[in-house]
Amino acid sequence: MGIDSIKKKFMNIQQNLAGKIELKNNFGMKDIKLVAGVDLGYWDQDGKHFAVCCIVVVDFHSREVKEKVWSSGEITVPYIPGFLAFRELPLVMEAKAKLVSDPDIYMFDGNGYLHYTHMGIATHASFHLEKPTIGIAKSYLKIKNTEFIMPENTVGAYTDIVINNEVYGRVLRTRKDVKPVFVSCGNWIELDTAMEITMSFINGESRLPVPVRLADLETHVMREELSENGNV
DNA sequence: GCGACAG
DNA sequence: ATCTTGTCGC
């Protein structure tokens with residue numbers, strides 16, 4: 001099976017789900033108690049690719065870490081820009097199954113609506129998690145040759161990424177003198193709310209919101225452990 | 001055909 | 001994503 005037939009298959013799945021996206025809050029901010037951050041780390045072993053997915057659950061109000069889970073395994077799906085979800089979601093769902101708590105919302109390292117077909121990993125994941133999601137990308141995925149406008153160098157400054165009169169996502173300056181992040185809706189949430197939650201989780205240690213940052217750090221720790229002792 | 005390309 | 005030294009700044 002060549003890469004083109006894989007893409008074709010993936011595209012069908014994306015288009016089916018894309019029609020079900022709803023960018024309206026299906027919750028009130030006051031209902032948000034637990035926020036999960038999701039990230040993956042990779043390494044090679046015996047000529048194979050492995051990864052570990054870490055999910056860190058943080059209490060929105062107290063900022064306490066409530067739970068951490070991880071799941072690792074071999075990765076066989078290649079990285080194809082636009083189809084990240086197909087590569088990473090299996091491990092994400094495996095890790096999610098280990099959660100005892102039930103997060104109200106999930107934040108991903110990557111895009112959501114800011115995607116060729118609005119089906120970035122954050123949006124795609126929402127249909128499996130059945131929870132609202134937010135996408136936080138560290139670099140820009142250019143769509144339809146549209147460049148983004150750099151927001152001014154002030155905390156909280158932002159510019160919208162508009163393509164064909166539609167807002168795909170937002171370039172947000174979470175810290176001064178640091179590259180901005182790219183925030184987009186995953187699903188069942190509005191962009192303003194996604195940005196509000198993102199900004200509320202900026203603590204001065206990173207340009208990334210706490211849940212995603214902690215998941216990122218956990219990913220590095222677990223990778224060292226697993227790549228030494230053999231994969232689990 | 002060529003270039004661009006989240007993680 | 002990952003491979004990596006020095007270096008600037010709080």
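Note that this is a predicted model, so its numbers are computed, not measured. Side chains are part of it too, since the values below use all heavy atoms of this structure and drop only hydrogens, waters and symmetry mates. Proteins get letters first, then strands, A, B, ... in listed order; numbering begins at 1 in each.
- Considering only residues two or more places apart in sequence or on other chains, Ile189(A) meets the side-chain contact (heavy atoms from CB on, under 4.5 Å) condition with Asn25(A), Phe27(A), Ile105(A), Ile134(A), Cys185(A), Thr193(A), Ala194(A), Ile197(A).
- When each of Val212(A), Leu208(A), Val183(A) is tested with Met107(A) by the rule side-chain contact (heavy atoms from CB on, under 4.5 Å), just one qualifies, namely Val212(A).
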Quiz item: Which dot-bracket string describes DNA chain C (Watson-Crick N1-N3 plus N6-O4 or O6-N4, or G-U N1-O2 and O6-N3, all under 3.5 Å; [ ] crossing; | other strand)?
Solution: ..........
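- Residues passing the ring-ring contact (aromatic ring centres under 6.0 Å, His included) test with His220(A): none are found, sequence neighbours excluded.
- Counted by atom type alone, Tyr158(A) and Glu152(A) present zero donor-acceptor pairs between their side chains at under 3.5 Å.
- At the heavy-atom level, Tyr79(A) lies under 4.0 Å from base atoms of the strands shown.
- Scanning DNA chain B 5' to 3' for nucleotides with an atom closer than 4.0 angstrom to a non-hydrogen atom of chain A gives a first and last hit of dC5(B) to dG7(B).
- Legend: ring pair (Phe, Tyr, Trp, His ring centres under 6.0 Å) pairs involving residues 197-217 of chain A, not counting sequence neighbours, sorted by first then second residue: Phe60(A)-Phe201(A).
- Checked by atom type and distance alone, the side chain of Ser126(A) never pairs as donor or acceptor with a backbone atom of Gly186(A) at under 3.5 Å.
- Near DNA chain B, meaning a heavy atom under 4.0 Å away, the residues from residues 111-136 of chain A are Asn111(A), His115(A), Gly120(A), Ile121(A).
- Residues passing the ring-ring contact (aromatic ring centres under 6.0 Å, His included) test with His124(A) are Phe86(A), His128(A), sequence neighbours excluded.
- Atom CG of Asn187(A) sits about 12.0 Å away from atom NE2 of His118(A), to the nearest 0.5 Å.
- For the segment residues 84-91 of chain A, residues with any heavy atom less than 4.0 angstrom from an atom of DNA chain B are, sorted by number, Leu84(A), Arg87(A).
- In terms of the ring-ring contact (aromatic ring centres under 6.0 Å, His included) criterion, residue partners of Phe127(A) (sequence neighbours excluded) are, by chain and number, Trp188(A).
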Self-check item: Secondary structure of DNA chain B in dot-bracket form (Watson-Crick or G-U wobble, distances below 3.5 Å, | marking inter-strand pairs)
Solution: .......
Exercise. Dump the intermediate steps for salt bridge (Lys or Arg N to Asp or Glu O under 4.0 Å) on Lys142(A) and Glu147(A), then the final yes or no.
Key: CA-CA 7 Å; Lys142(A) 192 192 287 182; Glu147(A) 299 289 352; 3.0 Å; yes
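- Residue pairs meeting the salt bridge (charged side-chain N to carboxylate O under 4.0 Å, His left out) criterion with at least one partner in residues 20-42 of chain A, sequence neighbours excluded, are absent.
- The CG atom of Asp4(A) lies 8.5 Å from the CE atom of Met11(A); values are rounded to the nearest 0.5 Å.
- Of the charged side-chain nitrogens involved, none lies within less than 4.0 Å of a carboxylate oxygen, so that Lys131(A) and Asp104(A) do not count as a salt-bridged pair.
- Within the 4.5 Å cutoff, no side-chain heavy atoms of Phe182(A) are placed close to those of Arg170(A).
- Taking CD1 of Ile136(A) as the reference point, atom CZ of Arg213(A) lies at 14.0 Å (rounded to 0.5 Å).
- We find that NE2 of His220(A) is positioned 14 Å from C1' of dT4(C), with the value rounded to whole Å.
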Output a table of nitrogen or oxygen pairs between the protein and nucleotides 6-10 of chain C separated by less than 3.5 Å.
none

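- No engagement by Phe182(A) is indicated, since no non-hydrogen atom pair under 4.0 Å with the nucleic acid exists.
- Considering only heavy atoms from C-beta on, Leu129(A) comes within 4.5 Å of Lys96(A) through its side chain.
- Checked by atom type and distance alone, the side chain of His61(A) pairs as donor or acceptor with a backbone atom of Ile32(A) at under 3.5 Å.
- In this structure, Arg87(A) is not positioned above the aromatic face of Tyr79(A) in the sense of NZ or CZ being under 6.0 Å from the six-membered ring centre and within 45° of the axis.
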